[in-house]
Amino acid sequence: MRFPNYLKTVCLIPVLVLPACASLSLENKYPSYEYRTDYKILQEDRITGLGKIKAEDKQASSTLLIGENYNYLLSDGGDDVLKIMQNLPVQERAIRNTLPLELDVYNDNVFYGHIHFYHPVPMSQLSAAKKQQLRALGFMEEPVSDQSDVKEIYLARNIAIKGTVYQAKPQQANLSLTSSVPIVLREARLKTQENKANVMKKRVLMPVALAFDIVSLPIQWGAGKLANK
């Protein structure tokens with residue numbers, strides 16, 4: 001007796017996924033290992049100002065974060081950070097980052113991070129001229145919840161930065177900060193840890209899962225023969 005092709009397809013779909021389904025599902029639900037990222041603090045500092053430094057060809061310049069202990073040469077994002085700091089007075093720019101500002105170091109002494117600026121006055125209370133100025137600096141609308149969970153729209157800009165520690169002679173700041181900004185350079189380390197509770201659960205449940213998978217094998221074999229008819 002031959003079965004129509006559409007009937008074979010209907011029969012095959014559920015059984016082809018049966019073998020090893022139970023044991024794999026058990027592994028996904030109760031993973032034996034957990035992964036987490038720990039951070040090693042490499043350096044702490046405080047940024048006291050910003051400056052510009054000429055490249056060796058004296059044609060281009062880069063932004064420098066001037067710290068108490070070291071300087072930090074920004075290859076990405078520096079011009080935008082400096083432009084905001086120069087064009088907005090202290091009372092019109094705030095940093096949303098949790099301080100200290102975290103800069104992640106990966107290799108070759110290169111660090112990555114971001115500086116999240118926002119104007120501390122809700123957008124609804126800003127003049128048209130101020131909105132235009134902020135938008136010209138790249139600020140965009142962003143909802144922020146206050147302590148009473150009431151959402152207000154603010155103008156903000158999140159700038160990704162990249163740079164290297166610049167161990168050179170002290171630089172003259174083009175812009176001095178009235179209040180220094182604490183930073184921390186850290187190195188990410190992936191840690192693997194065995195989840196003993198999940199291991200014990202799988203020891204109890206795995207025999208049942210394997211039994212189900214073994215029982216399902218003849219069904220798959222029969223489905224395969226059906227498909228060949």
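Because only heavy atoms are used, hydrogens play no part in the values below, and waters and symmetry mates are left out as well, while side chains stay in.
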L82 vs L74, side-chain contact (heavy atoms from CB on, under 4.5 Å): CA-CA, chis, key distance, verdict: CA-CA 11 Å; L82 184 59; L74 298 182; over 6 Å; no

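- No path of Ile, Leu, Val, Met, Phe, Trp and Tyr side chains, each step under 4.5 Å between heavy atoms, connects I41 with L185, placing them in separate hydrophobic clusters.
- Listed for the R93 side chain is a donor-acceptor partner under 3.5 Å among the backbone atoms of L88.
- The two residues P182 and S180 come nearest to each other via the heavy atoms CD-O, 3.8 Å.
- Between Q86 and L175, the closest heavy-atom pair is N-CD2, 4.1 Å.
- Contact of the L50 side chain with the L65 side chain is registered, since non-hydrogen atoms from C-beta on lie closer than 4.5 Å.
- No side-chain heavy atom of V81 sits under 4.5 Å from any side-chain heavy atom of T63.
- In the hydrophobic cluster analysis, where Ile, Leu, Val, Met, Phe, Trp and Tyr join through side-chain heavy atoms closer than 4.5 angstrom, V110 is grouped together with Y106.
- Within 6.0 Å of atom CD in E68, more than 12 heavy atoms from other residues, nucleotides or ligands are found, so the atom counts as buried in its surroundings.
- With values rounded to the nearest 0.5 angstrom, D104 atom CG is found 9.0 Å from H114 atom NE2.
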Test side-chain contact (heavy atoms from CB on, under 4.5 Å) applied to V184 and E44, step by step: CA-CA 5 Å; V184 58; E44 296 180 2; 4.1 Å; yes

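- With sequence neighbours excluded, no residue forms a side chain to side chain donor-acceptor pair (under 3.5 Å) with K131.
- Between the T48 side chain and the I66 main chain, a donor and an acceptor come within less than 3.5 Å of each other.
- The closest side-chain heavy-atom distance from F117 to I95 is below 4.5 Å.
- Residues L64 and Y166 are in side-chain contact: their nearest non-hydrogen atoms beyond the backbone lie under 4.5 Å apart.
- Checked against H116 for a side chain to side chain contact (heavy atoms under 4.5 Å, CB included), the options T98, I159, N158 give a single hit: N158.
- By the 4.5 Å heavy-atom criterion applied to side chains, L137 and R157 are not counted as neighbours.
- Between F139 atom CZ and K130 atom NZ the span is 10.0 Å, to the nearest 0.5 Å.
- Shortest non-hydrogen contact noted between N87 and P89 is O-CD, 4.0 Å.
- Hydrophobic clustering of Ile, Leu, Val, Met, Phe, Trp and Tyr side chains at less than 4.5 Å, counting indirect connections, keeps L134 apart from M140.
- Under the 4.5 Å side-chain heavy-atom criterion for ILVMFWY residues, no single connected hydrophobic cluster contains both Y112 and L101.
- For Y154 against H119, the heavy-atom pair with the smallest separation is CD2-O, 3.1 Å.
- In this structure the side chain of Y72 never reaches within 4.5 angstrom of the side chain of I161, judged on heavy atoms.
- For the pair N69 (side chain) and D45 (backbone), a donor-acceptor distance under 3.5 Å is absent.
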Residue pair Y118, E142: steps toward the side-chain contact (heavy atoms from CB on, under 4.5 Å) verdict: CA-CA 9 Å; Y118 78 102; E142 186 174 300; 5.8 Å; no

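- Heavy atoms only, all atoms of each residue included: S62 and L73 are closest at CB-CD1, 3.6 Å.
- Here the side chains of V165 and V105 are not in contact, with every heavy-atom distance at 4.5 Å or above.
- In this structure, CD on E187 lies 11.5 Å from OH on Y39, to the nearest 0.5 angstrom.
- At least one side-chain heavy atom of L177 sits under 4.5 Å from a side-chain heavy atom of M85.
- By the rule that hydrophobic residues join a cluster once side-chain heavy atoms approach within less than 4.5 Å of another member, L99 and V90 end up as members of separate clusters.
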Stepwise side-chain contact (heavy atoms from CB on, under 4.5 Å) check, D38 with K40: CA-CA 7 Å; D38 288 343; K40 177 185 177 183; over 6 Å; no

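- Among residues two or more places apart in sequence or in another chain, the side chain to side chain donor-acceptor pair (under 3.5 Å) test is passed with E141 by R135.
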